[in-house]
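Accompanying notes for the structure given below.
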Amino acid sequence: MTTKTPAQYAAEYVRPEIRAINAYHVAPATGMIKLDAMENPYRLPEAMRAELGRELAEVAINRYPDASGAAVKAALRDALDIADRHALILGNGSDELIQIAAVALARPGATMLAVEPSFVMYKANAMLAQMRYVGVPLSADFSLDTEAVLQAIERERPALTFLAYPNNPTGNLFPLADIERIVRAAPGLVVIDEAYHPFAQVSFADRLAEFPNAIVMRTLSKLGLAGIRLGYAFGDPAWIAEFDKVRPPYNLNSLTQSVALTVLRHADVLAAQAALLRDDRDALALELARVPGIRVFPSAANFLLVRVPDADATFARLKDAGILIKNLHGWHPLLANCLRLSVGTPAENAALLGALQSMG
Ligand code: PMP
């Protein structure tokens with residue numbers, strides 16, 4: 001009979017780098033104005049919700065889902081204008097596609113490169129896939145330090161590079177010409193992560209034909225469907241076919257597929273919500289910039305990065321006022337005293353603004 005406890009077994013057999021980290025923490029938000037996760041604050045119109053109910057009632061959940069997601073892919077192409085020459089892969093959120101890309105490219109000794117600060121799941125997935133990770137700092141104003149990235153590419157020869165366009169958590173769009181230089185210089189694959197495409201309305205997609213080593217990744221999460229977990233990536237079939245071998249066969253459940261098909265028939269509704277959010281982002285940025293002590297950074301996404309005199313104190317006071325945002329202080333030296341604010345409904349934005357004004 002064994003005398004080892006489960007904890008002793010885990011300590012002995014689980015990879016040390018995994019034992020050393022914490023699980024991804026999601027702050028509890030019940031009853032709060034939730035402006036911490038770049039969600040679309042708007043629900044779907046009543047008629048669409050009723051339609052969803054009818055469609056979901058018909059889904060054969062006793063069967064495995066369509067493993068290829070063919071209908072969803074066709075609907076995405078149609079609704080979001082993805083050219084026929086691109087092959088598509090669907091993920092359980094684009095989080096899963098980041099993981100798939102890392103696993104596919106993690107040859108022994110392979111390196112992943114990203115700028116910092118950027119989306120934290122790039123680095124996390126490098127570790128999980130046992131890739132070496134190199135982070136290249138942005139400039140102090142969060143602009144791209146293109147020369148530093150090019151030097152790092154030369155030095156590190158990354159197999160996989162992630163560039164968020166626009167970037168999270170900084171919200172800015174790196175210049176397209178600089179992205180082109182990076183893609184040209186990179187020896188391996190560059191994933192252009194366009195998670196915030198509905199708010200930036202610019203894309204690398206039309207340029208893919210010129211760059212054999214780039215693909216574009218997007219998500220429906222920020223567009224209003226964060227709850228169904230549906231991300232997608234597209235590019236040359238040579239890349240997508242390899243990623244499809246890594247993808248778990250039934251990664252997109254049938255409820256997600258059904259919701260996507262129904263909602264994408266009304267893509268204009270989501271587009272109109274995104275347009276509202278873009279206008280409200282710009283209005284909120286102007287108002288926030290007038291609050292003494294607050295610096296607002298330019299954003300092409302559905303959130304604003306701001307710097308305040310004391311981020312911990314501001315975060316705590318907003319939380320007391322029932323408003324949940326993201327405190328980035330301590331995440332990266334460049335983010336000292338920075339907060340990330342998702343754009344909410346006009347009422348939510350007004351509550352946030354009022355609370356920040358009253359702290360001045
Ligand atoms: N990429 C970027 C740049 C993001 O900010 C996020 C979400 N925060 C994601 C990818 C992942 O989105 P999802 O898994 O919901 O598709």
Side-chain angles (χ1 to χ4, degrees), residues 24-27 29 34-41 69 72 76 80 88-102 112-126 128 135 138 142 144 160-174 179 190-200 202-204 215-234 243 247-248 251-253 256-257 259-260 263-264 270 274 277 281 297 299-305 324-328 331-332 335 338-343:
Y24 191 89
H25 174 69
V26 177
K34 192 171 185 310
L35 300 176
D36 66 329
M38 289 82 85
E39 293 145 332
N40 175 342
V72 174
L76 279 171
L80 303 175
L88 256 176
I89 181 170
L90 307 179
N92 188 353
S94 44
D95 278 345
E96 187 180 46
L97 297 171
I98 297 168
Q99 185 176 29
I100 286 173
M112 177 196 291
L113 184 141
V115 296
E116 287 187 347
S118 189
F119 186 39
V120 290
M121 294 311 290
Y122 306 147
K123 184 178 182 178
N125 276 292
L128 292 176
L138 296 172
F142 306 119
L144 192 64
L160 177 59
T161 299
F162 281 99
L163 278 176
Y165 182 70
N167 191 38
N168 170 22
T170 57
N172 54 332
L173 267 179
F174 302 137
I179 293 185
V190 182
V191 178
I192 312 293
D193 181 349
E194 298 185 352
Y196 300 94
H197 175 252
F199 313 102
V202 289
S203 177
F204 199 75
I215 65 168
V216 168
M217 185 174 80
R218 292 188 193 153
T219 177
L220 297 187
S221 294
K222 320 296 170 183
L223 203 50
L225 299 176
I228 68 168
R229 313 299 298 126
L230 178 50
Y232 59 101
F234 55 90
F243 292 161
R247 182 179 65 84
N251 63 332
L252 230 57
N253 74 73
T256 289
Q257 295 196 36
V259 174
V263 175
L264 288 172
L270 299 182
L277 290 166
R281 168 196 68 204
F297 293 92
S299 171
N302 61 340
F303 61 86
L304 294 170
L305 183 77
L324 186 66
I325 58 161
K326 195 82 169 182
N327 183 3
L328 300 172
W331 275 36
H332 188 275
L335 292 170
C338 284
L339 302 168
R340 191 185 63 198
L341 320 169
S342 309
V343 179

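Read the numbers this way: they start at 1 and go in the same order the structure lists the ligands and their atoms.
Using modelled atom types, no side-chain atom of T219 and backbone atom of G231 make a donor-acceptor pair closer than 3.5 Å.
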> How far apart are the C-alpha atoms of F199 and F303, what are their side-chain angles, what is the distance that settles it, and do they pass the ring-ring contact (aromatic ring centres under 6.0 Å, His included) test?
Replying inline: CA-CA 9 Å; F199 313 102; F303 61 86; 8.9 Å; no

>> Applying side-chain contact (heavy atoms from CB on, under 4.5 Å) to K326 and M38, what does each step give before you reach the verdict?
In response: CA-CA 10 Å; K326 195 82 169 182; M38 289 82 85; over 6 Å; no

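Closest to atom 12 (O) of ligand 1, if we only count protein heavy atoms, is S94 OG, 3.2 Å. Considering only non-hydrogen protein atoms, atom 6 (C) of ligand 1 sits nearest to F119 CZ, 3.5 Å. From the protein, the heavy atom lying nearest to atom 4 (C) of ligand 1 is Y196 OH, 3.7 Å.
Proximity to R229 (heavy-atom distance under 4.0 Å) selects the following atoms of ligand 1: 13 (P), 14 (O), 15 (O). Each of the atoms 11 (C), 14 (O) of ligand 1 lies under 4.0 Å from some heavy atom of D95.
Ranked by closest heavy atom to atom 3 (C) of ligand 1, the top entry among V120, L220, D193, N92 is D193. Nearest residue to atom 15 (O) of ligand 1 from S221, G93, G227 is S221 (criterion: closest heavy atom).
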Show me the donor-acceptor pairs, under 3.5 Å and distance only, between side chains in residues 88-98 and residues at least two apart or in other chains.
unit_1, atom_1, unit_2, atom_2, d
D95, OD2, R229, NH2, 3.4
E96, OE1, N92, N, 2.7
E96, OE1, N251, ND2, 2.8

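Closest of all the heavy-atom pairs between L173 and P166 is CD2-N, 3.7 Å.
Remark: distances from the non-hydrogen atoms of K222 to ligand 1 include one below 4.0 Å.
In this structure, F297 has its ring center under 6.0 Å from that of F142.
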